[in-house]
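Small disclaimer: the values here were computed from a predicted structure and weren't measured. Excluded from the calculations below are hydrogen atoms, water molecules and symmetry mates; all remaining heavy atoms, backbone and side chain alike, are included.
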Amino acid sequence: MKSAILKDGKINIIEADTPALTAPGAIIKVIACGLCGSDIVKIKHSSENPHSKVILGHEVVGKITEINTNVVGNSYDGTVVEPFKTGDIVCLGHHYPCMECDFCKNGNHSMCKTFKSVNIHPAGFSEYIFVSEEHLKNTVFKLGENMSTENATFTEPLACCIRAIRRAGYVFDIETAKKTAPHMLQHNALVIGLGSIGLLMSLGLKAHNINTFGLDINPERQEFASKYDIKFNQNLQYDTVFMTSGSYKAIDTALKYIKDGGKIVVFSSVEGDFGYKNNDIYYRELTVMGSYSPAPVDLALSFKLLSSGTIDLSGISTFYTLDNLAKAVDDTVLNKILKACIKV
């Protein structure tokens, strides 16, 4: 089968052995896989650890071709589903937590050692992958007839955003929000950086009934976001700022627009050793918090929002073949496209 690897800092499409079903789990024939910003970061920094194994691609939609376990998938949203079977079209997340360690019990699932050690095999940018039984239990979802492949590839990245939104204290269910945090329904939230992940964050906030605004220095992205009713108001001070920009210069922008006593949610890495000033945090009583990757409950909510059509991302992806993965990376880095998706 074809599979993408990094060699000498460059993407190579090689012939590799098709994974075998030697442990409880399933073999999935990949239909499509989204290109994530984290893939770009891995490629950029691959020369620093040339002998390390780099897994590229994890926003997968595919078809189960073999399965040797009779497990039911993610039901954290209370949905009762049937066991997976051969022929099911599914989307998935690539990490799962143990649910038993102190990190998991305190809600920090992405810090769990199990979470950090597991992955799909060999990589999402392959013709076939193996997913374990624990993946099937926690991170895999069967698509309904009305859910498009494109929307399904956003399940994992949207779940990352849902995680950040929940860490900021926002509640999805409107009736629960009215009872537990009614004041937060009047909050104004600002997303800085309107690439694909910033757009997802904005739409996730809107799905949580939060007044949502977005800012990008690229006028084309600002205009594109306006089609989803995401605009910017320079006269507002915002209760929460979500940092989805990868530029350290956006830190000053966040501090400019955050309300005293507000929260800044850091959802991106930046080049260099830059951060928030101690005295800004102290005298303004700001909360600066990070959010990294989703728990199973975030994946469940993400899938629910996408499969129900509450969030529709049709038409924002540009599709490439696996052989053209390097071009997809280049076009993304050069901001020629908003989101790349690889059809396998």
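Between the Ser3 side chain and the Ser126 main chain, no donor and acceptor come within less than 3.5 Å of each other. Of the possible donor and acceptor atoms, none in the side chain of Lys29 sits under 3.5 Å from a partner among the backbone N and O of Thr65. A distance-only check finds a donor-acceptor pair linking the side chain of Thr212 to the backbone of Ile210 [under 3.5 Å]. For the pair Gln222 (side chain) and Gly214 (backbone), a donor-acceptor distance under 3.5 Å is present. Here the side chain of Thr244 pairs a donor or acceptor atom with the backbone of Gly193 at under 3.5 angstrom. Within the 3.5 Å criterion, the main-chain N or O of Pro97 finds no donor-acceptor partner in the side chain of Asn138. Under the 3.5 Å distance criterion, the side-chain polar atoms of Asn12 are matched with a main-chain donor or acceptor of Lys10. In terms of modelled atom types and a separation under 3.5 Å, the side chain of Asn74 and the main chain of Tyr76 share a donor-acceptor contact. Between the side chain of Asp39 and the main chain of Cys36, a donor-acceptor pair closer than 3.5 Å is present.
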Exercise for the section: Decide yes or no on side chain to side chain contact (heavy atoms under 4.5 Å, CB included) for Ile165 and Met201, but give the supporting numbers first. Expected result: CA-CA 8 Å; Ile165 292 166; Met201 189 74 75; 3.9 Å; yes
Exercise for the section: For side chain to side chain contact (heavy atoms under 4.5 Å, CB included), just list the numbers for Phe242 and Leu205, CA-CA rounded to whole Å, side-chain angles, deciding distance to a tenth of an Å, and then say yes or no. Expected result: CA-CA 10 Å; Phe242 291 83; Leu205 283 161; 3.7 Å; yes
Exercise for the section: Go through the steps for Ser110 and Arg163 under the test side chain to side chain contact (heavy atoms under 4.5 Å, CB included), then give the verdict. Expected result: CA-CA 10 Å; Ser110 52; Arg163 159 82 167 172; 3.7 Å; yes
Exercise for the section: Test Lys105 against Asp102 for salt bridge (charged side-chain N to carboxylate O under 4.0 Å, His left out), laying out the working first. Expected result: CA-CA 5 Å; Lys105 290 177 180 178; Asp102 286 343; 5.4 Å; no
Exercise for the section: Show the numbers, then the answer: is there a side chain to side chain donor-acceptor pair (under 3.5 Å) between Ser317 and Glu150? Expected result: CA-CA 7 Å; Ser317 299; Glu150 181 179 11; 3.2 Å; yes
Exercise for the section: For Phe213 and Val191, run side chain to side chain contact (heavy atoms under 4.5 Å, CB included): C-alpha distance rounded to whole Å, both residues' side-chain angles, the deciding distance at 0.1 Å, then the answer. Expected result: CA-CA 6 Å; Phe213 299 81; Val191 178; over 6 Å; no
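For the ring pair (Phe, Tyr, Trp, His ring centres under 6.0 Å) test, residues two or more places apart in sequence or in another chain that qualify with Phe232 are Tyr257.
Each of Ile27, Ile120, Ile28 was checked for a side-chain contact (heavy atoms from CB on, under 4.5 Å) with Pro19, and the lone residue meeting it is Ile27.
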Only pairs under 3.5 Å count here: list side-chain donor-acceptor contacts from residues 289-303, not counting sequence neighbours, and write none if there are none.
from   : atom 1 : to     : atom 2 : distance (Å)
Ser291 : OG     : Ala164 : N      : 3.3
Asp298 : OD1    : Arg166 : NE     : 2.6
Asp298 : OD1    : Arg166 : NH2    : 3.0
Asp298 : OD2    : Ala295 : N      : 2.8
Ser302 : OG     : Thr155 : O      : 2.7
Ser302 : OG     : Ala159 : N      : 3.4

Let me check something: any side-chain donor-acceptor pairs from residues 129-136 under 3.5 Å, sequence neighbours excluded? List them with distances.
from   : atom 1 : to     : atom 2 : distance (Å)
Ser132 : OG     : Glu134 : N      : 3.4
Ser132 : OG     : His135 : N      : 3.1
Ser132 : OG     : His135 : ND1    : 2.8
Glu133 : OE2    : Thr69  : OG1    : 2.3
Glu134 : OE2    : Lys137 : NZ     : 3.4
His135 : ND1    : Ser132 : N      : 3.3
His135 : NE2    : His94  : O      : 2.9

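Taken together through direct or relayed side-chain contacts under 4.5 Å among Ile, Leu, Val, Met, Phe, Trp and Tyr, Ile192 and Ile197 form parts of separate hydrophobic clusters. Linking Ile, Leu, Val, Met, Phe, Trp and Tyr whenever their side-chain heavy atoms come within less than 4.5 Å puts Leu313 and Ile31 in one cluster. Met1 is not connected to Val30 by any chain of hydrophobic side-chain contacts under 4.5 Å among Ile, Leu, Val, Met, Phe, Trp and Tyr, and they are in different clusters. A continuous path of ILVMFWY side-chain contacts below 4.5 Å connects Phe154 to Leu338, so both sit in one hydrophobic cluster. Linking Ile, Leu, Val, Met, Phe, Trp and Tyr residues whenever their side-chain heavy atoms come within less than 4.5 Å leaves Tyr276 and Phe267 in two separate clusters.
Enclosure of atom CD in Glu285 is not indicated, since only 12 or fewer non-hydrogen atoms of other residues, nucleotides or ligands lie within 6.0 angstrom. Atom CG of Asp260 is surrounded by more than 12 heavy atoms from other residues, nucleotides or ligands within 6.0 Å. Heavy atoms from other residues, nucleotides or ligands lying under 6.0 Å from CD of Glu220 number 12 at most. Within a 6.0 Å radius of CG in Leu236, other residues, nucleotides and ligands contribute more than 12 heavy atoms. Residue Lys277 qualifies as open at atom NZ: its count of foreign heavy atoms under 6.0 Å is 12 or below.
For the atom pair Ile11 CD1 and Leu325 CG, the distance stands at 4.0 Å (nearest 0.5 Å). One finds the CZ atom of Phe125 at 12.5 Å from the CD1 atom of Ile55 (value rounded to the nearest 0.5 Å). Here the SG-CG distance, from Cys161 to Leu203, works out to 9.0 Å after rounding to the nearest 0.5 Å. Rounding to the nearest 0.5 Å places CD1 of Ile14 at 9.0 Å from NZ of Lys7. Here the CZ atom belonging to Phe224 is positioned 9.5 Å from the CD1 atom belonging to Ile230, to the nearest 0.5 angstrom. Going from atom CG of Asn119 over to atom NE2 of His121 covers 10.5 Å, rounded to the nearest 0.5 Å.
Closest approach of Ala26 to Ile67, counting heavy atoms only: CB-CG1, 4.0 Å. Taking all atoms of both residues into account, the shortest heavy-atom contact from Ala225 to Leu194 is CB-CD1, 3.7 Å. Taking every heavy atom of both residues into account, Tyr320 and Ala340 meet most closely at CE1-CB, 3.9 Å. Between Ile337 and Ala328 the shortest heavy-atom distance is CD1-O, 4.3 Å. Taking both residues in full, the closest heavy atoms of Ser38 and His58 are given as OG-CE1, 3.3 Å, listed atom of the first, atom of the second, then distance. Among all heavy-atom pairs drawn from Asp88 and Pro83, the shortest one is OD2-O, 4.4 Å.
Asn218 and Asn335 are not linked by any side-chain donor-acceptor pair at a separation below 3.5 angstrom, with hydrogens and angles left out of the test. Defined by atom type and a distance below 3.5 Å, a donor-acceptor pair is missing between the side-chain atoms of Arg284 and Asn279. For the residue pair Ser308 and Thr310, a side-chain donor N or O sits within less than 3.5 Å of a side-chain acceptor on the partner.
The shortest side-chain heavy-atom distance between Phe141 and Val90 does not fall under the 4.5 Å cut-off.
Residue pairs meeting the side chain to side chain donor-acceptor pair (under 3.5 Å) criterion with at least one partner in residues 226-239, sequence neighbours excluded, are Asp239-Lys259. Counting only residues at least two apart or in different chains, side chain to side chain donor-acceptor pair (under 3.5 Å) contacts with residues 185-208 comprise Tyr170-His187, Asn188-Asn211. Legend: salt bridge (charged side-chain N to carboxylate O under 4.0 Å, His left out) pairs involving residues 314-328, not counting sequence neighbours, sorted by first then second residue: Lys2-Asp323, Lys327-Asp331.
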